[in-house]
Number of protein chains: 4
Amino acid sequence: MPLAAIISKPQKPELAGILRELVSWLESHGYQYIFDPDSAAYLAGAVGIERPDLPKHKPDLVIVLGGDGTLLAAARAFARTVTPILSVNLGSLGFLTEIPLGDLYVTLQDWCDHRADVEVRSMMHAELRRDGKLLHQWDALNDVVVAKGTIARMADFMVEIDEQLVAKFRADGIIVATPTGSTAYNLAANGPIVMPNVNAMLVTPICPHLLTLRPIVVPGDSSVSIHIEGVPNQTYLTVDGQEAVELMLGDIVHCCRSHYSVRLLRHTPNGVFNVLRSKLKWGER
Amino acid sequence: MPLAAIISKPQKPELAGILRELVSWLESHGYQYIFDPDSAAYLAGAVGIERPDLPKHKPDLVIVLGGDGTLLAAARAFARTVTPILSVNLGSLGFLTEIPLGDLYVTLQDWCDHRADVEVRSMMHAELRRDGKLLHQWDALNDVVVAKGTIARMADFMVEIDEQLVAKFRADGIIVATPTGSTAYNLAANGPIVMPNVNAMLVTPICPHLLTLRPIVVPGDSSVSIHIEGVPNQTYLTVDGQEAVELMLGDIVHCCRSHYSVRLLRHTPNGVFNVLRSKLKWGER
Amino acid sequence: MPLAAIISKPQKPELAGILRELVSWLESHGYQYIFDPDSAAYLAGAVGIERPDLPKHKPDLVIVLGGDGTLLAAARAFARTVTPILSVNLGSLGFLTEIPLGDLYVTLQDWCDHRADVEVRSMMHAELRRDGKLLHQWDALNDVVVAKGTIARMADFMVEIDEQLVAKFRADGIIVATPTGSTAYNLAANGPIVMPNVNAMLVTPICPHLLTLRPIVVPGDSSVSIHIEGVPNQTYLTVDGQEAVELMLGDIVHCCRSHYSVRLLRHTPNGVFNVLRSKLKWGER
Amino acid sequence: MPLAAIISKPQKPELAGILRELVSWLESHGYQYIFDPDSAAYLAGAVGIERPDLPKHKPDLVIVLGGDGTLLAAARAFARTVTPILSVNLGSLGFLTEIPLGDLYVTLQDWCDHRADVEVRSMMHAELRRDGKLLHQWDALNDVVVAKGTIARMADFMVEIDEQLVAKFRADGIIVATPTGSTAYNLAANGPIVMPNVNAMLVTPICPHLLTLRPIVVPGDSSVSIHIEGVPNQTYLTVDGQEAVELMLGDIVHCCRSHYSVRLLRHTPNGVFNVLRSKLKWGER
């Protein structure tokens with residue numbers, strides 16, 4: 001009997017009805033299901049399983065109900081599996097989650113019938129090293145950001161790509177992004193759009209003091225190292241805009257391609273430019 | 001007997017010798033002098049007066065030994081006076097402080113002889129209002145920056161100019177700058193260079209999510225109001241890159257022209273483009 | 001008996017009906033009227049007067065039916081008069097022409113009743129000097145652009161502001177814009193928005209090879225000189241996007257504030273940010 | 001007996017001596033040599049062979065004496081061969097030609113000894129189609145640029161990537177660049193730096209009227225089609241900044257990866273970031 005794991009965005013009252021309907025559809029189609037705590041909170045009597053523990057139940061499918069943020073959290077939780085994710089976008093169209101609520105059941109049916117498209121998106125692996133030791137590691141779908149906190153002063157960074165010095169510079173921060181993350185924070189920092197199927201990573205400085213510094217597109221199998229050389233104030237590392245760790249002088253953040261990737265289910269074949277035209281108001285067909 | 005107030009950058013060992021020489025020049029030319037604590041620390045037996053208290057002694061001249069940061073602090077301390085400032089740049093050329101150490105004594109002599117050029121730079125007045133009450137106020141020579149802290153998530157702002165709505169938007173922050181401040185943080189945030197004698201203020205978004213938002217140049221007598229509408233994390237107000245206050249949801253930051261301005265002494269007439277060509281490496285004559 | 005001069009955009013079939021109605025309104029309100037040739041072409045039997053000759057008839061009001069381009073042409077024709085212009089926008093909203101067709105008659109009636117708002121917009125004066133002689137001169141409402149033609153190679157320019165060297169550089173071209181023109185070509189070249197009531201001019205490089213070069217805002221009474229130092233291919237001077245002259249090595253283009261300005265009639269007081277929010281999709285109120 | 005083809009930049013008087021020395025080195029090392037007409041012009045009695053005819057003589061090595069422009073021309077002439085190119089940079093350091101004159105003979109000796117590094121750079125193939133027919137085709141090392149001529153008005157373009165609509169928009173032009181070309185015109189148009197070993201092409205709009213349009217990085221095996229939908233004035237296609245063809249309404253420019261590539265000889269292993277740091281003044285090690 002196939003098992004679906006359901007992950008929801010908190011504080012969306014309309015999700016109570018959506019979840020009851022979804023549960024009823026799954027039951028009538030011979031599915032079992034488990035919930036994360038945020039989903040369980042919408043349903044009387046339901047018991048939630050912490051997100052990091054969901055993969056242990058080896059679900060066949062993850063259903064995400066929310067927006068880009070909920071999907072990013074789900075993607076990190078399931079990074080080390082090959083479980084496909086069906087992500088439904090409840091709010092304004094995101095760059096990542098292209099299935100509107102109205103397509104939920106046709107896409108589920110496609111999945112049952114082995115007809116659903118699966119789009120594989122590369123992830124990035126990031127490690128924080130302090131005093132020569134590995135302190136933390138993550139897998140990110142969008143980006144790893146090193147940026148100054150509080151006071152409007154810049155930090156000093158030294159960037160190496162494949163162990164070659166790129167530059168030492170002063171900036172608000174640096175974004176290391178996957179192609180998927182090129183339309184997230186990177187876009188606000190004046191970085192280019194990178195199509196998801198380009199084998200590359202993106203290194204984009206945030207407000208660099210050095211005006212000739214530019215976003216750099218590097219091969220997907222490069223290693224990017226950011227050395228924290230000056231921290232006038234708190235400087236933080238953030239993963240997919242959600243997890244933050246304070247950095248210290250001498251820390252090194254090392255980014256490379258992840259061994260893992262995310263499998264996104266789609267009802268219709270990928271139309272990355274349709275999403276861009278709509279989100280960025282490039283005009284209609 | 002004329003009085004000079006001396007303000008120094010801390011932790012510059014070479015200042016001990018420079019200060020001894022300066023004191024001897026002042027004595028031999030009939031000047032009295034007072035020190036800030038950072039200057040006093042370089043000279044055995046000298047007693048410093050806190051920077052905010054220096055203006056009470058009504059000096060005829062302020063001598064600043066340091067870089068742009070030291071000058072910004074001195075400018076704020078003397079904002080409410082008409083005392084001219086002779087600023088000597090000890091490090092790499094700054095945008096603000098154009099007198100190299102080698103020109104210190106000729107410029108002092110020019111000042112004695114009433115031949116020194118005085119360049120007047122406009123300041124900006126900023127007020128922080130919370131729950132309808134005035135909480136803080138400042139006069140800034142460069143800029144007032146409202147920006148998110150810590151985690152790499154954006155804050156929500158609403159900007160009004162002369163009580164007309166400009167836009168509500170999500171961004172890392174907003175810079176409100178004087179023409180003098182246009183070559184400071186504003187430049188890193190992709191804002192234009194504004195010549196010091198343009199009667200204007202500059203409103204520059206930092207990494208706005210809304211890609212069509214642009215730096216806006218407004219008349220010098222405008223009022224610019226920034227309403228803090230969403231603060232996912234700490235958001236801070238910073239004045240001239242030096243003083244910081246944490247902001248809360250609903251806070252309003254109000255900027256307008258200051259009643260005060262800064263008088264900078266120069267040896268040679270102002271050459272703003274000479275400084276720009278040198279600092280921004282626009283090539284030599 | 002008051003006289004109205006009517007200037008129309010060519011090849012807009014709907015203008016035949018609009019013009020018949022307008023003529024009938026003017027007659028019934030005691031107005032005389034004259035046409036430019038493009039307007040006359042829509043009306044059987046009407047005789048047009050060349051646009052440059054219209055001011056000789058000393059009209060009390062100019063009515064423009066078209067878009068930003070038609071208004072720019074009308075503004076240049078009437079630059080040396082104080083005749084107000086009522087400009088109706090027939091197409092997609094322009095940055096300049098804020099009166100929609102539906103407001104034509106209320107605005108005309110306001111004008112009859114001396115209740116219409118008049119907004120004065122500064123113009124720029126440009127001179128082309130070759131071999132020390134004045135070859136051409138223009139008054140522009142938006143901008144003067146010096147830019148390379150044909151082949152994708154850059155030209156060499158030297159820019160002086162108030163006879164001080166700014167920089168020598170290689171670029172596709174240079175835009176010198178009024179505040180009004182800041183939302184025209186300047187915006188595409190990454191220049192800032194300058195509010196119409198700022199007393200300033202804008203010098204914006206187009207795709208400069210020198211990456212640290214930035215748009216520069218200069219005082220409204222500055223003089224800006226562009227020296228053509230290298231022309232690998234045809235380089236052209238364009239005024240308000242409409243008149244073009246080929247430039248030669250050694251030519252100097254000199255820009256300063258015009259003695260003339262344009263008076264635009266409005267039905268409602270100016271709402272420059274309303275136009276920006278709508279045109280640039282900054283979101284609704 | 002190995003054969004070297006020599007290609008020189010015209011009008012560089014110092015080349016007369018350099019060429020005499022080079023010829024003498026080649027003779028003493030058992031090489032034959034042929035000249036392009038620009039090289040021959042420096043040597044009394046030498047006969048030049050037109051650049052497009054040089055490959056027919058099947059040289060074993062091409063020696064280029066000049067700058068980036070001379071190398072681009074040589075690369076196009078030898079695109080359909082596997083002949084390596086040794087390019088000596090005589091002027092200011094270019095992004096492409098990293099061998100200074102002082103390294104000419106060590107690199108030639110390395111080549112004789114089969115010890116020289118060869119760096120392979122991808123080329124792009126471009127086709128111009130008019131009325132359904134192939135009119136011209138080129139192989140480019142840097143970029144293919146479609147851009148408006150003369151008057152400062154924008155053209156209308158429609159861009160498709162892999163037969164999917166990207167956007168219809170108004171702009172000064174569009175650059176389609178290889179990673180090698182990312183540091184050429186693309187950089188001035190605000191595009192990102194793409195490392196030469198990324199398998200990608202770059203589509204960068206030049207001064208787009210649509211402010212949300214951004215440079216787009218697409219996979220190296222994509223096809224990019226530019227449809228010319230509006231041409232207010234002459235619009236030109238330029239290949240590597242050197243060859244130009246006038247475009248007409250309805251023309252389609254089609255770009256994809258070339259079957260050919262360029263082999264550049266190096267004395268020391270590639271140091272792309274060393275070149276960037278030096279050219280873009282990112283500061284020294």
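Throughout, protein chains are lettered first and strands after them, A, B, ... in sequence-line order, and every chain is numbered starting at 1. These figures come from a predicted structure and were not determined experimentally.
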message: Please classify the contact of C:Asp221 with chain B as side chain, backbone, both or neither, using a heavy-atom distance under 4.5 Å.
response: neither
- request: Report the distance from atom CG of C:Leu165 to atom CH2 of B:Trp282, rounding to the nearest 0.5 Å.
  value: 10.0 Å
- request: Test side chain to side chain contact (heavy atoms under 4.5 Å, CB included) on C:Asn197 and B:Val218 and set out the steps.
  value: CA-CA 8 Å; C:Asn197 48 345; B:Val218 303; over 6 Å; no
task: Identify which of B:Val203, B:Ile161, B:Val198, B:Leu202 forms the greatest number of heavy-atom pairs closer than 4.5 Å to chain C.
output: B:Val198
message: Testing C:Leu187, C:Leu280, C:Leu276 one by one against B:Thr212 for a side-chain contact (heavy atoms from CB on, under 4.5 Å), which residue passes?
response: C:Leu280
Please list every donor-acceptor pair under 3.5 Å in which a side-chain atom of residues 249-258 of chain C meets a protein atom from a residue at least two apart or in another chain.
unit_1	atom_1	unit_2	atom_2	d
C:Asp251	OD1	C:Arg130	NE	2.8
C:Asp251	OD2	C:Arg130	NE	3.2
C:Asp251	OD2	C:Arg130	NH2	2.7
C:Asp251	OD2	C:Met248	N	2.8
C:His254	ND1	C:Ser225	OG	3.2
C:Arg257	NH1	C:Asn199	OD1	3.2
C:Arg257	NH2	C:Asn199	OD1	3.4
C:Ser258	OG	C:Asp139	OD1	2.7
C:Ser258	OG	C:Tyr260	N	2.8

- prompt: Got B:Arg277 and C:Val166 here, is their nearest side-chain heavy-atom distance under 4.5 Å?
  reply: no
Reported CE-to-CE distance for the pair B:Met201 and C:Met195, which is rounded to 0.5 angstrom: 10.5 Å
query: So how far is it from B:Asn186 CG to C:Arg214 CZ, rounded to the nearest 0.5 Å?
result: 8.0 Å
